[in-house]
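Residue numbers count from 1 along this sequence.
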Amino acid sequence: MRRMIAVVAAVLAITMGLVLVFGRGAIGERAFQSALDNNVGVDQSAKLGDGLHAYVCGSGSPMPDADRAGPCIAVLAGNQAFIFDSGSGSVRKLMRMGFPVQKLQAEFLTHLHSDHIDGLGEALLQAWVGGHRNTPLPVYGPPGTDKVVAGFNAAYQIDSTYRVAHHGPKVVQPGGFGGVAQIIALADGADSQVVYDKDGVRITVIRVNHAPISPAYGYRIDYKGRAIAISGDTVYAPSFVLAAKGADLMFHEALNKSMIAALGKKLAERGQASNAQIMTDIQNYHASPEDAARAAKEAGVNTLVLYHLVPPLPSTLIEPLFLGQASSIFGGTLLVGKDGMIISLPAGGKAVNVTSAW
């Protein structure tokens, strides 16, 4: 009996092996065709329905992270789409998530640190070519944004001529190339003001504290009774808490100071004094997970998502250490941000739905 079972198992194994060897082409062709039918040219955002939808296109920081792109949160509000910061690699994540770039209205920058703008050139390119724009994309940000946008326009200008020459001006419209800066300058003493108000979507800029980088901004997006608040880089900031009051969803940056101090100590032990000093310096202008939890609690938000994570978290096993006491401070839903997250706030309700694009 055992011999018979062994023979049957061997025959099945050989059969499966033959199927895999000689059937791989057919299997691969069917998989490719299925991907074409289900994804290419399909507006993946249509299934989300009306409401506010946040795409986590970059939950990382300047530190190397194989799984997280640089800081980026994109928001779809009805038929209008926006990107808040474009860290390195974030635009490719965003395109993979099925973000409707053809609905993109503007980019908003929180501040001009390199890790928040080093993917801007690619964002402008995708907005132009993928979004079939015939006018430059508005890029809102603090003073100096005009220099940043002009720099990317100059860097990509030669490339733009190649694309028009190759595809033709009907497919790639020359007038849509690049960006146009929209400087946000808050009046002295003002902590917030509305900077975009169109077809039911209102975006408010918020002064935050990332000194010595000044000004630095957070944002609030309101649409059909739902609201999202995005901190940008900041320590605990009462101005942000006030402006975020009653929001359904808060994205807040987070740096675990004890973990960064341990990194600095190890770098010093290994003779890297300058890098060790940087680990000390960065602790004084970022919020801890506990600071973020306090902000979310005081603002009365439903859900808090931590992003711009410092240091990188290569395993979920490290997340409890990173969070520290944050969970005991904030009683709502607390999530560690991951690239690919889509968080939906359906219009006219209170639900907060969290899914992943992959």
Side-chain angles (χ1 to χ4, degrees), residues 39-46 48 52-58 69-110 112 114-142 145-184 195-196 198-199 201 203 219 221 230 339 342 357:
N39 298 303
V40 177
V42 177
D43 181 3
Q44 300 294 336
S45 68
L48 297 175
L52 270 178
H53 309 282
Y55 293 67
V56 181
C57 34
C72 174
I73 303 294
V75 174
L76 175 63
N79 287 315
Q80 300 182 68
F82 309 89
I83 300 175
F84 296 84
D85 288 335
S86 287
S88 181
S90 62
V91 175
R92 297 186 186 192
K93 293 284 185 81
L94 196 56
M95 295 302 99
R96 186 183 168 198
M97 293 173 73
F99 181 73
V101 68
Q102 70 277 8
K103 299 178 183 179
L104 187 60
Q105 304 296 308
E107 169 109 16
F108 289 83
L109 302 178
T110 60
L112 304 181
S114 61
D115 60 309
H116 292 253
I117 64 171
D118 51 12
L120 181 59
E122 190 170 8
L124 295 175
L125 180 65
Q126 287 293 343
W128 173 39
V129 179
H132 310 296
R133 294 188 64 85
N134 57 16
T135 59
L137 183 72
V139 181
Y140 291 79
T145 297
D146 50 344
K147 295 180 180 179
V148 169
V149 173
F152 277 109
N153 287 346
Y156 280 72
Q157 194 278 326
I158 294 175
D159 173 83
S160 74
T161 66
Y162 299 154
R163 296 183 185 279
V164 175
H166 188 194
H167 303 293
K170 290 185 178 180
V171 174
V172 180
Q173 302 178 74
F177 166 70
V180 57
Q182 304 288 331
I183 303 299
I184 301 173
V195 291
Y196 182 96
K198 180 181 177 182
D199 297 334
V201 179
I203 299 177
Y219 292 96
I221 307 95
I230 301 171
D339 292 9
I342 300 177

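In this structure, I83 and C72 approach most closely via the heavy-atom pair CG2-SG, 3.9 Å. Annotation for F99 and A74: closest pair CE1-CB, 3.6 Å, computed over non-hydrogen atoms. Minimum heavy-atom separation, M97 to V56: SD-O, 3.7 Å. Closest approach of V149 and G179 over heavy atoms only: CG1-O, 3.4 Å. Nearest approach of A127 to L104, heavy atoms of both residues: CB-CD2, 3.8 Å. The two residues F177 and N153 make their nearest non-hydrogen contact at CZ-O, 3.4 Å.
The side-chain heavy atoms of Y156 and L124, taken from C-beta on, include no pair separated by under 4.5 Å. Under the 4.5 Å side-chain criterion, counting only non-hydrogen atoms from C-beta, Q102 is in contact with D43. E107 is listed as a side-chain neighbour of S86, based on a closest heavy-atom distance under 4.5 Å. Inter-residue side-chain proximity for L109 and D85 is flagged as met; some heavy-atom pair is nearer than 4.5 Å. No side-chain heavy atom of V75 sits less than 4.5 Å from a side-chain heavy atom of F108. R163 has its side chain within reach of L125: a pair of non-hydrogen atoms, C-beta onward, lies under 4.5 Å apart.
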Determine, stepwise, if the pair L137 / V180 fulfils side chain to side chain contact (heavy atoms under 4.5 Å, CB included). CA-CA 6 Å; L137 183 72; V180 57; over 6 Å; no
Might you work through the side chain to side chain contact (heavy atoms under 4.5 Å, CB included) test for N79 and D199, ending with a clear yes or no? CA-CA 9 Å; N79 287 315; D199 297 334; over 6 Å; no
Check the pair V201 / F82 against side chain to side chain contact (heavy atoms under 4.5 Å, CB included), numbers first and verdict last. CA-CA 11 Å; V201 179; F82 309 89; 3.9 Å; yes
Please lay out, stage by stage, how V101 and L94 fare under the test side chain to side chain contact (heavy atoms under 4.5 Å, CB included). CA-CA 9 Å; V101 68; L94 196 56; over 6 Å; no
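One distance of note links OH of Y162 with CD of Q157; it measures 9.5 Å at 0.5 Å rounding. Atom CD1 in I203 sits 8.0 Å away from atom CD in Q80 (nearest 0.5 Å). From I117, atom CD1 reaches atom CG of L112 across 5.5 Å, with rounding to the nearest 0.5 Å.
The backbone N or O of V195 lies less than 3.5 Å from no partner atom in the side chain of Q182, so there is not a single donor-acceptor pair. Under the 3.5 Å distance criterion, the side-chain polar atoms of D146 are left unmatched by any main-chain donor or acceptor of A181. Remark: the backbone N or O of K103 is paired with a side-chain donor or acceptor of Q105 at under 3.5 angstrom.
Checking each of R96, R92, K93 against D339 for a salt bridge (charged side-chain N to carboxylate O under 4.0 Å, His left out) leaves exactly one that passes, namely K93.
Inspection of the D118 and S88 side chains reveals no N or O donor paired with an N or O acceptor under 3.5 Å.
Classified by interplanar angle (parallel below 30°, tilted 30° to 60°, perpendicular above 60°), the ring pair Y140/Y196 is perpendicular.
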